[in-house]
Amino acid sequence: MTTTPPTPTAQVFCIANQKGGVGKTTTAINLAAGLAIQGQRVLLVDLDPQGNATMGSGIDKSGLQGNLYQVLIGEATIAQTRVRSESGGYDVLPANRELSGAEIDLVDMQEREQQLKAALREVGGEYDFVLIDCPPTLSLLTLNGLAAAHGVIIPMQCEYFALEGLSDLVNTIKRVHRNINPDLRIIGLLRVMYDPRMTLQQQVSAQLESHFGDKVFKSIVPRNVRLAEAPSYGMPGVVYDRNSRGAQAYVAFGAEMIERVKAL
Amino acid sequence: MDTLLRMAPDGQARAAQGRPAAVPAADAGAYDAAVADTAATDAVARAGAWLVEQAALNATSVREQLLYDGWLLRFAPGPSKRTRSVNLIGPCALPLPQRLERCRRLYAERGLPLIFRLTSLRDGPELDAQLHALGWPRHGQTRVMARALDADDTAQAPAQAPIEALAETPAAMPATAQIEAAAEAPAATPPGLRIHTLSARAFARALGALRASPAAHVRAHARRLLGLPAGILPLVLEQGPEQGGAPAAAGLAVVDGDVAGLFDIAVRDGLRRQGLGGQVTRALLAGAAARGARLAYLQVETDNDAARRLYASLGFQDIYTYWYRTAPAGGQAGTPAPPPRG
């Protein structure tokens, strides 16, 4: 892997939403696994100090040699830090509680919001996709993610108040686009935890389609207990129960992303 | 009344706040989503508010009602205007004077005043303006507030009998969960309060005791609850045996698919301002979430500041408004003046 020339071919996407508990980490893990199943080389960056994406990929966050923190403050490279998710078939740049300290350490650094982007440059040629699981806060960590990305994937539930945080997120993306990263764009909204029996969810889903058009992904991830169970087995849902409706939705979403990237 | 003015007539007050009016042209390519975002938020707010309005009409449905040219006429005598008023639910074809004349006749035949319940949704404001022009006085401004329900709400649910089993259960269900004094409740919360799920009849009795309602109203309320086309979760907060086991507070959730309405939240005189209303409301939210509701709404009069503060503290936001207009005294068709009830 380390001998591959550093051509920046990887498409880098943030999975972001300023609400917590909307399925960001589930989406990050399962999109990574869904892309890997389809032969894509994937690096999943866990930008959340809670380390849920790390654990959900089957990696013990307490036994790490290094983590994203060392990469962000320049003490280690991604090549030294990444770990293979054996269950998922992709690489993980892992996180644990130590990462929350990066907020403080980054403040005094030059180009503090560009650290992740700089680190990714060295491994860009080794991957087709880099997925960044952002924390639900607008922190310097999230800013590093947005600065490094080509686009943002926004998972959302079709709930009455689901769009409430979206304005803030869109405004943030706009600011990052203008000031830090002119490449950044919203790739699309992904409907997750969808229950078609719910009238309200159907209505919200229809409104999203009519107002956001092709910015709404065609794939819809249903509310699915197998997806919820999978992290406790240290496996992406896509691997844990490949035949579940949730797994199939994420594989389909992976295929949709591969198509979208061709059009970018 | 300044809060009233801030509510846009189409129910978009919430959606319109703090959003960019327009996106600079330079950003349009990458950020057309920003414009769609505002429009979609408004559209979701409107669609969701209309779903809530439908659920609220279901939750307050009455035995005798009539659908007439886009209007839903309801004829349940009693203290509550929402069950004896005309609601706009669809497009109308006939001329307004003809429609009003028939309504006057139908309500007069039943000895009821002709009252319209008007909302800030859809064509409500237009009909409101027409009735205003005819000199119909406006009263009873009410806000509909809503909040999302999630897994955290479910986790707080007291164990309860299935909703279907409740409607005909004659007596109080066994005590199911000790209410724990909520963190924000003042220390004065009486100890030993227990929460029960009740049958519709027992709930109506408990609510009647809290509100000192006449027996006829209690019976009518129980009958209406039993006839509802939605699941009901009637709760009462009861004092311990040492206080005589009397109801201290009560509240009702009506679960209509993924939307749950909270109604009849009442606290006994002398036990107010001790956090009991909040405890009942939280228990109702938990029960509704456990039954699959994803959105909870309630109706609160605009000038009821204490209740509005309580519900706002529990995460409820304004989503739309309704109010009443009553045919003027000695009006065009000689309709009798309505009693000015609250």
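Note that the structure is a prediction, hence the values are computed from the model and not measured. Chain identifiers are assigned alphabetically (A, B, ...) following the order of the sequence lines, protein sequences preceding nucleic acid strands; residue numbering begins at 1 within each chain.
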Student: Please look at Gln201(A) and chain B and tell me whether the side chain, the backbone, both or neither of the residue comes under 4.5 angstrom of a heavy atom of that chain.
Tutor: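 The answer is both parts of Gln201(A).
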
Student: Counting only pairs under 3.5 Å, give me each side-chain donor-acceptor contact of residues 229-236 of chain A, with atom names and distances, residues two or more places apart or in other chains.
Tutor:
| residue | atom | partner | partner atom | Å |
| --- | --- | --- | --- | --- |
| Glu229(A) | OE1 | Arg226(A) | NH1 | 2.9 |
| Glu229(A) | OE1 | Tyr240(A) | OH | 2.8 |
| Ser232(A) | OG | Glu229(A) | O | 2.7 |

Student: Using every non-hydrogen atom in the two residues, find where Val44(B) and Glu159(A) come nearest and quote the distance to one decimal.
Tutor: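 In terms of heavy atoms, the two residues are closest at CG1-O, 4.4 Å.
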
Student: With rounding to the nearest 0.5 Å, note down the distance linking CZ in Phe161(A) to CZ in Arg294(B).
Tutor: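 Interatomic distance, Phe161(A) CZ to Arg294(B) CZ, rounded to 0.5 Å: 13.0 Å.
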
Student: Just verifying a value: how many Å separate Asp258(B) CG and Thr199(A) OG1, rounded to the nearest 0.5 Å?
Tutor: 5.0 Å

Student: Which atom pair, heavy atoms only, marks the closest approach of Tyr160(A) to Leu295(B)?
Tutor: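 Nearest pair, atom of Tyr160(A) first, then Leu295(B): CB-CD1, 3.6 Å.
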
Student: Do you know which two heavy atoms are closest between Gln207(A) and Ala43(B), and how far apart they sit?
Tutor: OE1-CB, 3.1 Å

Student: Which members of residues 255-264 of chain A, sorted by number, sit under 4.5 angstrom from chain B on a heavy-atom basis?
Tutor: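 Within residues 255-264 of chain A, no residue comes under 4.5 Å from chain B.
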
